[in-house]
Amino acid sequence: MLPIDAAAHSSRWRHRHPVDKAVLGLGLTVLAISLPPWPGAALVLVTALSVLLGPAGVPGRRLWRAYRVPLGFCVTGAATLLVQVGGPEGFVSLAAEGPRQAGELLLRTSAASLGVLLFAFTTPMSDLLPRLVKAGVPAAVVDVALVTYRMSFLLLDSVRRIRDAQAARLGHTGRAAEWRSLAGLGATAFIRAFDRAARLQAGLAGRGYDGTLRVLVPEARVSVRFTAASCALLAAVAALTLVLEKALP
């Protein structure tokens with residue numbers, strides 16, 4: 001199981017309805033995109049961090065391990081705005097408005113990423129995907145997503161076991177051995193993936209599969225109080241942004 005998925009299953013908000021958490025997490029993402037970068041996105045970032053580390057109870061180390069990957073993409077995308085190609089100053093030169101634009105983009109994307117992580121760290125996919133059918137998503141699409149989600153963990157577990165076996169047989173002692181082990185890992189994982197898919201298809205056919213995967217979904221109701229508090233928090237962040245935008249230079 002991936003660390004973020006394990007955190008979602010052990011979250012304090014694990015048994016809340018996904019709609020409750022979507023209003024808060026995805027609402028913060030929308031605010032990060034739509035409000036001015038300063039101070040709007042900065043307020044969204046602080047709010048999302050406070051909720052993640054506070055009421056949601058996400059450990060700081062686990063949050064950083066998940067956040068550093070999208071943050072790296074955010075920094076890389078913002079860094080490209082620092083330079084310009086062509087112009088009177090040469091083939092490659094510093095952009096005049098580069099630092100300001102890069103900072104604004106970094107604020108927006110990093111805050112929006114935290115909003116998405118808030119939803120991901122509190123909502124297991126096994127709770128979300130089956131409910132998408134009631135939201136109008138075709139059942140076939142949800143079934144493919146469920147099977148892919150399950151198969152991804154099996155494939156990752158197979159890759160880990162193969163690498164451990166190769167390491168025990170001194171398969172990583174040199175560059176040549178590393179390349180041979182990597183080739184063997186890819187070939188074995190490919191074969192095992194097809195074998196598991198065939199076994200899964202045979203198992204579903206033996207259980208009378210009729211085109212729909214029926215799974216048990218934990219009972220949960222949309223909390224009016226939680227949703228109202230989330231909307232109030234989002235409105236407060238938006239209002240505070242407008243006030244600070246006029247007060248700050």
Chemist: Using a 4.5 Å cut-off on heavy atoms from C-beta on, say whether the side chain of Pro36 contacts that of Thr241.
Modeler: yes

Chemist: Within a strict 4.5 Å, meaning less than it, do heavy atoms of the Arg12 and Pro55 side chains meet?
Modeler: no

Chemist: For Glu104, is there an ion pair with Arg108 - N to carboxylate O distance below 4.0 angstrom?
Modeler: no

Chemist: If every non-hydrogen atom of Val159 is compared with every non-hydrogen atom of Ala189, which pair is closest and at what distance?
Modeler: CG2-CB, 4.2 Å

Chemist: Any idea which heavy atoms bring Gly40 and Leu35 closest together, and the distance?
Modeler: CA-CB, 4.1 Å

Chemist: Mind running side chain to side chain contact (heavy atoms under 4.5 Å, CB included) on Ser223 and Arg16 for me, showing each step along the way?
Modeler: CA-CA 8 Å; Ser223 174; Arg16 290 193 174 277; 3.8 Å; yes

Chemist: With a 4.5 Å heavy-atom cut-off, do Ser11 and Val58 have their side chains touching?
Modeler: no

Chemist: With hydrophobic residues grouped by side-chain heavy-atom distances under 4.5 Å, do Val23 and Leu31 end up in a single group?
Modeler: no

Chemist: Out of curiosity, does Ile33 fall in the hydrophobic cluster containing Leu81 (side-chain heavy atoms, cut-off under 4.5 Å, transitive links)?
Modeler: no

Chemist: Quick one: OG on Ser158 to CD1 on Ile191, what's the gap to the nearest 0.5 Å?
Modeler: 12.0 Å

Chemist: Working to the nearest 0.5 Å, report the span between CG of Leu28 and CG of Leu43.
Modeler: 11.0 Å

Chemist: For Arg14, is the CZ atom crowded, meaning more than 12 foreign heavy atoms sit under 6.0 Å from it?
Modeler: yes

Chemist: Atom CG in Leu63, atom CG in Leu52: separation rounded to 0.5 Å?
Modeler: 5.5 Å

Chemist: Side chains of Asp195 and Arg199: does their closest heavy-atom pair fall under 4.5 Å?
Modeler: yes

Chemist: Are side-chain N/O atoms of Asp20 and Thr227 paired as donor and acceptor at under 3.5 Å?
Modeler: yes

Chemist: Val44, Leu242: one ILVMFWY side-chain cluster at the under-4.5 Å cut-off?
Modeler: no

Chemist: Return the OG to CG distance between Ser230 and Leu26, rounded to the nearest 0.5 Å.
Modeler: 11.0 Å

Chemist: Between Tyr67 and Trp64, what is the ring plane arrangement, given parallel below 30°, perpendicular above 60°, and tilted in between?
Modeler: perpendicular

Chemist: Do you reckon Val46 sits in the same ILVMFWY cluster as Val237, going by side-chain contacts under 4.5 Å, direct or chained?
Modeler: no

Chemist: Side chain of Lys21, backbone of Phe119: donor and acceptor closer than 3.5 Å?
Modeler: no

Chemist: Per the side chain to side chain donor-acceptor pair (under 3.5 Å) rule, what does the pair list look like for residues 41-63, sequence neighbours excluded?
Modeler: none

Chemist: So does Pro18 get a backbone contact from the side chain of Thr123, meaning a donor-acceptor N/O pair under 3.5 Å?
Modeler: no

Chemist: Of all heavy-atom pairs between Ala102 and Leu82, which one has the smallest distance, and what is that distance?
Modeler: CB-CD2, 3.8 Å

Chemist: Mind listing the closest non-hydrogen atom pair of Ala120 and Ala8 along with its distance?
Modeler: O-CB, 3.5 Å

Chemist: First locate atom CG of Leu71, then atom CG of Leu106, and finally report the distance between them rounded to the nearest 0.5 Å.
Modeler: 6.5 Å

Chemist: Quick check: are there more than 12 heavy atoms from other residues, nucleotides or ligands sitting under 6.0 Å from CZ of Arg100?
Modeler: yes

Chemist: Out of curiosity, Arg161 CZ to Arg163 CZ, how far, rounded to the nearest 0.5 Å?
Modeler: 15.5 Å

Chemist: Looking at every heavy atom in both Leu53 and Gly60, which two are closest together, and how far apart are they?
Modeler: CD2-CA, 3.8 Å

Chemist: Tell me if the aromatic rings of Trp13 and Phe121 count as close, with their centers under 6.0 Å from one another.
Modeler: no

Chemist: Would you call Asp157 and Arg160 a salt bridge, using N to O less than 4.0 angstrom?
Modeler: yes

Chemist: Please find the pair of heavy atoms, one from Gln166 and one from Leu185, that lie closest to each other, and give the distance.
Modeler: NE2-N, 3.6 Å

Chemist: Treating Ile, Leu, Val, Met, Phe, Trp and Tyr as nodes and any side-chain heavy-atom pair under 4.5 angstrom as an edge, say whether Leu49 and Leu24 lie in one connected cluster.
Modeler: yes

